[in-house]
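Written below as C-alpha cells is the structure these notes are about.
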Amino acid sequence: MEVPTHVTIIMDGNGRWARQKGQRRLYGHKAGTDSVRACCEYAVEHGIRYLSLFAFSEENWNRPADEVAGLMELMFKSVLGERETFRKQNIRFLVIGDRSRLSAELLRNIDMVQEETAANTGLTLIVMLSYSGKWDILQAAQRYADDCLAAGRRLPLDETGFAGYLATAGIPDPDLMIRTSGEQRISNYMLWQCAYTEFYYTPVLWPDFRKNDLEEAILSYNRRERRYGKVD
Ligand code: IPE
Ligand code: IPE
Ligand code: MG
C-alpha cells in the first residue's frame, strides 16, 4: 500500500450525528475529537508525513454564538490536552488560518504547543482553524503586493513563488482529500492547494470515522491513476 504524503480531511457531519442521538450540536463536535485521535494514531502508525484537518472555516464564524464559543473552547482544551501525546509520538503541531479572529488566550496556547513541538520529526499535524481557501489566496496576494511596494517594482512571480505566500507555505499539496458525511463539495477549503488532489467522499459522519475508514480511503487512493494532465 502506497501511503500518501499529505492526507487532508474535511471533518463534516458532527451536527447531524448529534441530532440523530437527540443531542445538541456541541455533543457531536466533542465526539469528533475521538475521531481526530484515531486518525492521528493511524497516521503515526503508517508513516503519513502530513495530516491536515479542516476544523473551522471562515464561514463557520456565522454560526450561532454559542456553537462558535463551544468550538473554540473545545479547541482550547484539545490543544492543551494533547501535548503529552505530541511529545510521546514525536508529532509536530501546526495551526493554519486567520489568526486575527482567534482569541488571545487560544493563540497563546497554540503558539506554546507549536513551539514545544517545532523540532519533532514525526507526523506534522495541521489544524486548519478560521481558514478558507479564498482568504488564503487573498492574504497571499496582499503580502506579495506589500513586497512589491517595499521593493519599488513588480517582483517576478511564478506558481512556486506564489505558493510561498500561502498560509500553507512549506507544506506539500494534499495528495488525498477526504470529506465525511456525504457532502460532495469543497466548501472554500484549500482551493489553490487541491489543484491535483484526489477526492474521496464517504457517507460516514465524522464522529463515527475510525482507522478502518481512513484505511479504506487510502486503499481507494491506491487504485487511482494520477495523470496531472499528461497521457501516460
Ligand atoms: C463539522 O460538522 C464541524 C464544523 C464545521 C465545525 P458540522 O457542524 O458541519 O455538522 P453538520 O454538517 O451540521 O452535520
Ligand atoms: C466545512 O463544513 C467546514 C469544516 C468541516 C470545518 P461545513 O459544514 O461548514 O460546510 P457546508 O456549509 O456544508 O458547505
Ligand atoms: Mg457541516
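Being a predicted model, the structure only gives us computed values, none of them experimental. First listed ligand is number 1; within each ligand, the first listed atom is number 1.
Polar contact with ligand 1: present for Arg63 (N/O pair, distance under 3.5 Å). At under 3.5 Å, not a single nitrogen or oxygen of Glu183, backbone or side chain, sits near a nitrogen or oxygen of ligand 2. No N or O atom of Ala55 sits closer than 3.5 Å to an N or O atom of ligand 1. In terms of polar-atom proximity, defined here as any N/O pair under 3.5 Å, Arg179 does make such a contact with ligand 2. Close N/O approach between Arg25 and ligand 1 is found [any backbone or side-chain N/O within under 3.5 Å].
Sorted by first then second residue, the ring pair (Phe, Tyr, Trp, His ring centres under 6.0 Å) pairs that include residues 66-91, not counting sequence neighbours, are Phe86-Phe93.
Per-atom contact check: atom 12 (O) of ligand 2 does not touch the protein, criterion being a heavy-atom distance below 4.0 Å.
Contact analysis puts Gly13 in contact with ligand 1, with a non-hydrogen atom separation below 4.0 angstrom. Using a 4.0 Å cutoff on heavy atoms, His29 counts as a contact of ligand 1.
A salt bridge links Glu58 to Arg101: one of the charged nitrogens lies within less than 4.0 Å of a carboxylate oxygen. With respect to Asp175 and Arg224, no salt bridge is recorded, no charged nitrogen being found less than 4.0 Å from a carboxylate O. A salt bridge links Arg16 with Asp12: at least one charged nitrogen is closer than 4.0 Å to a carboxylate oxygen. For Asp146 and Arg143, the salt-bridge test fails: no basic side-chain N is under 4.0 Å from an acidic carboxylate O.
More than 12 heavy atoms of other residues, nucleotides or ligands shown are found within 6.0 angstrom of CD on Glu84.
Of the protein's non-hydrogen atoms, Asn60 ND2, 2.9 Å is the one closest to atom 9 (O) of ligand 2. Residue, atom and distance of the protein heavy atom nearest to atom 1 (C) of ligand 1 are Met11 O, 3.0 Å. The protein atom (non-hydrogen) at minimum distance from atom 2 (O) of ligand 1 is Asn14 N, 3.2 Å. The protein heavy atom nearest to atom 10 (O) of ligand 1 is Gly15 N, 2.9 Å.
Counting atoms of ligand 2 from 1 in the listed order, those under 4.0 Å from a heavy atom of Phe56 are 6 (C). The Arg185 neighbourhood of ligand 2 comprises atoms 11 (P), 13 (O), 14 (O), with distances under 4.0 Å to a heavy atom of that residue. Shown in contact with Ser187 at under 4.0 Å from a heavy atom are these atoms of ligand 2, numbered in order with element: 10 (O), 11 (P), 14 (O).
Smallest separation of non-hydrogen atoms from Gly28 and Pro207: O-CG, 3.7 Å. Contact record, Val68 with Arg63: CG2-O, 3.6 Å, taken as the closest heavy-atom pair.
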Practice task
Kindly determine whether Arg37 and Glu82 satisfy salt bridge (Lys or Arg N to Asp or Glu O under 4.0 Å), including the steps that lead there.
Solution key: CA-CA 9 Å; Arg37 238 171 265 119; Glu82 297 305 318; 3.0 Å; yes
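Applying the ring pair (Phe, Tyr, Trp, His ring centres under 6.0 Å) test to Tyr189 and every residue at least two apart in sequence or in another chain returns Phe54.
Taking the Mg ion (ligand 3) as reference, the nearest N/O/S atom within Asp12 carries the name OD1.
Ring geometry for Tyr131 versus Trp135: interplanar angle over 60°, hence perpendicular rather than tilted (30 to 60°).
At a heavy-atom distance under 4.0 Å, no atom of Tyr189 approaches ligand 2.
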